[in-house]
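For the numbers below, each heavy atom of this structure counts, side chains included, while hydrogens, waters and symmetry mates do not.
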Amino acid sequence: MVSISFLNPLSPEGKDIVRELGSFDGISQDIPELRRLVTRNPSQEIVADEEIPSNYLELALKRIEWYVKKKNDREFNSRRYSFLSDQDITKYDVISFYLLCQSIGVKFGPNSRETRVMVEAQGDLVQERLGKLSLQEGRLMVDQSLQLLLKGDTVHWTFFQELLSTRKIRLTELVLDQGELVLNQEDFIDRFGSRIKHRNPSSMYQLLIGDELKELLMVKMIMQETEDYIKQVHEKARIMVEPNPILLELAEEVAKILAEPMQSYGYGSGRGGSGPMKAGPLNSQAFPPCVKKALEGIKSGGRNDAIVLFMTPFVSYARLYPDVFRMNLSKRVSDQDPQLEITEKEILPLIYEAAQRCVPPLFEDQPQEKVNINAKLGFGMHSELKMEHEGETTWYTPMSCEKIKLHLPHLCRPDDVCKKIGNPLSYYNRMLWEVRTLKKADDSGSTTASAENSSEGVGDDNDSPGKDGTTPDKPGEA
Amino acid sequence: MELKPATPNERRQYYREEWDVKNVPDFIRNTLIQREFGFDHIGRGPNDRYRVFRNSDDLRKFMRVRTPFAAYSSVAFYNNPKRRGGWLKAELVFDVDAKDIPIRSCGCDNVCEICLNQAKDIVMGLLDTLQGDLGLKNINVVYSGRGYHIRVLDDAVMAMDSDVRSQIVKYLVGADVPRSEYSSHGMKYNLEHFTIPFGYPQVFTHRVKQALLNLTLDTEIDDVSKDIKKAVIKHRELLYDDQWGIFRKAIGPVRYARLVKGIASLNLTLVDAKVSIDLKRILRLPSSLHSGVSMKSTLIKNLETFDPFQNAVPKFVYERDDK
């Protein structure tokens, strides 16, 4: 029988395992039993001896490595990580999970990229592990886990507030009745059976809720618990004594693994195989319709949102870091523009001009909005851009199309390209790329038709925005 | 009845002779000291904000003396409303403005009886979902002067952030096409939204039906040609008795998919989403005068029987010479 803590280390059972361990002493000592389990696993492929995790810390790093390689390495071989789905490692796995969460919580905090990766990796791992179980066993595990997580028979949808807020699940995915989440079959048939015509209610239940929705809920709740735990650790660490150096070292190692994809595999090589979009001068021809419209100025009512919340992130990322979503790596403005020269001379003027074109001009009656623009660039609530303030706020990423439709519906006049993307920045990248391919084609074809529309601002290093072109929103997105 | 602005004299008459602070609904009067008030004195938008009243008598005096063009109070509750500080929670609000209904059958410039009725139908649908699917209680409906405000004061939702609120809006208005492909034991099945008589697919079906029944050839829908609209108008009586399957066949499955996708994105404007996700918004004060159209913003007791032209017209309108 699989232990619940194999899926959810934060379950009471998992907590017991940690309690048994007691302290950090000996955490980096060799565990022969763990080595034995890994090597004994029949589906395990081992290329080198160093690949075998021999203590808690190494196992922790393997968890992260597995996720990063799976996402980025085209030659990823899952058989080299088979041991991660072996239920016999549960005891060690639980400890390594806690070590990871604590080190990330202490060193990077809940809003970091490291946290995001940890949470996503945990979600993927749970799914991977569930997939290896028999249908029967899997169902049992999901039901048991959900029972623990939901704490009761009937659950009001507001219980999922956090999952909804972080968009881990959508409200429209849940089957609701009188505010309650309908999950089990008897309840389903009780409530809806009489309404269902020409179909078998229980097969309808299987399709609409069945295993799929339950599994989704369980995975997302475990992810949320992981995130909450990291946050909790972070908050405790802020008011308590020096963190254990082992945790800090582990955190360093995690950061190293996360930096690896960029060095070894090239950005996004796992999908589409294209090179990165490099920063370069803005090409206004590649702007999506909403940006063009906002640049013309906005009438009173939507001015602040359009200029501060929408234009500032768009213009700054388009100019400095167009590839933000694909690289999945948060940066600061100064990482891309160390002297803040481009920001002062190109980005702010463009935003200010758009603000000036508003009716009435935005800064005339609301000069304090300039401070808000600085805040959205990551420089805190100050009237000037100063390096020492950087990091007080975060550099907002551009709003997704979905958000624009909600906040600024009058800006959204989609054209054909819009249908293929989910964020105005993806539109921009895609258009830059198209303009460039056009130019290439023209150059290699006849010399008479020089590409006049591609002369502006596309560096030679720009490349395809990736075959899917739709960039998922980052969880921390503004 | 013509909807025209009120003169300063009429405003004064309204606030001195007809308005009573007791007409301000309890859900506001009982929480007066936690709310921010805002006023528009000259008809150019509320620029007198951050007002607080210690009790309803202060509010009464203010209204009688200043006879504002428009009066608002916050949906948020604060510890320190004077500075909008110490945000505690906020009502969940849906604003259905008759002027902004995405598919209007009336074609008027401002608002009229037809689109106000349409707004009322929309509100009824939203209320059904709020109470039925989402199980929310403590819901007030207010006639705003040009449409309706749904104000939810259920504790289950008052503390929720903008992201959750935006998900509620989407669920309520039917802004996403429900998936039609489902799988079980490795087999794929097709279930169109109209074959699922509960949950979100049912909400979506209701909203699409409402839209299709009101659609005209001039309604602009993304990616939906005039031909499709003609076909909808030709066949839509099938929807009166919910013969969706036949309707879909008549339109053509590919065109049908395009049609519902277009309507889903149009649905997003059934309510002003900005109002719903704003946690610090001010909203027209029920009982106050909407001076732009000379109507009273009114808390509604019975939506079924409520008629703005019977129940929300101030006395001075009947006394106008040109009536």
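Using a distance-only test at 3.5 Å, with no hydrogens or angles considered, no donor-acceptor pair links the side chain of B:D133 to the main chain of A:G179. B:N267 places a side-chain N or O within 3.5 Å of a backbone atom of B:V173 that can act as its donor or acceptor partner.
Aromatic ring centroids of B:Y171 and B:Y200 lie under 6.0 Å apart. Taking the six-membered ring where the residue is Trp, the centroids of B:F204 and B:H193 are separated by under 6.0 Å. Taking the six-membered ring for Trp, A:F188 and B:F198 have ring centres closer than 6.0 Å.
Of the atoms belonging to B:D272, not a single heavy atom falls under 4.5 Å from chain A. Within the 4.5 angstrom heavy-atom criterion, only side-chain atoms of B:D222, from C-beta onward, approach chain A. Proximity to chain B (any heavy atom under 4.5 Å) is shown, for A:I209, by neither the backbone nor the side chain. Heavy-atom distances place no part of B:L130 under 4.5 Å from chain A, backbone and side chain included. When heavy atoms are compared at a cutoff of 4.5 Å, A:Q161 approaches chain B by way of both its backbone and its side chain. Contact annotation for B:I196: both backbone and side-chain heavy atoms come within less than 4.5 Å of a heavy atom of chain A. For a residue to count as touching a neighbouring chain, one of its non-hydrogen atoms must lie under 4.5 Å from one of that chain's; by this rule B:E181 does not touch chain A. Interface remark: B:S183 contributes backbone and side-chain atoms alike to the contact with chain A (heavy atom separation under 4.5 Å). Neither the backbone nor the side chain of B:R165 comes within less than 4.5 Å of any heavy atom in chain A. If you measure heavy-atom distances from A:H156 to chain B, the contacts under 4.5 Å come from the side chain alone. For a residue to count as touching a neighbouring chain, one of its non-hydrogen atoms must lie under 4.5 Å from one of that chain's; by this rule B:L134 touches chain A with backbone and side chain alike.
Between chain B and the residues A:L208, A:I196, A:V175, the most heavy-atom pairs under 4.5 angstrom are made by A:L208. Between chain A and the options B:S162, B:P178, B:P197, B:A273, heavy-atom pairs under 4.5 Å are most frequent for B:P197. Contact count versus chain A (heavy atoms, under 4.5 Å) is highest, among B:T195, B:V203, B:T269, for B:T195. Put simply, of A:D177, A:L164, A:L171, A:T158, the one with the most heavy-atom pairs under 4.5 Å next to chain B is A:L171.
A 4.5 Å side-chain heavy-atom check between B:V157 and B:V164 finds every atom pair outside the cut-off.
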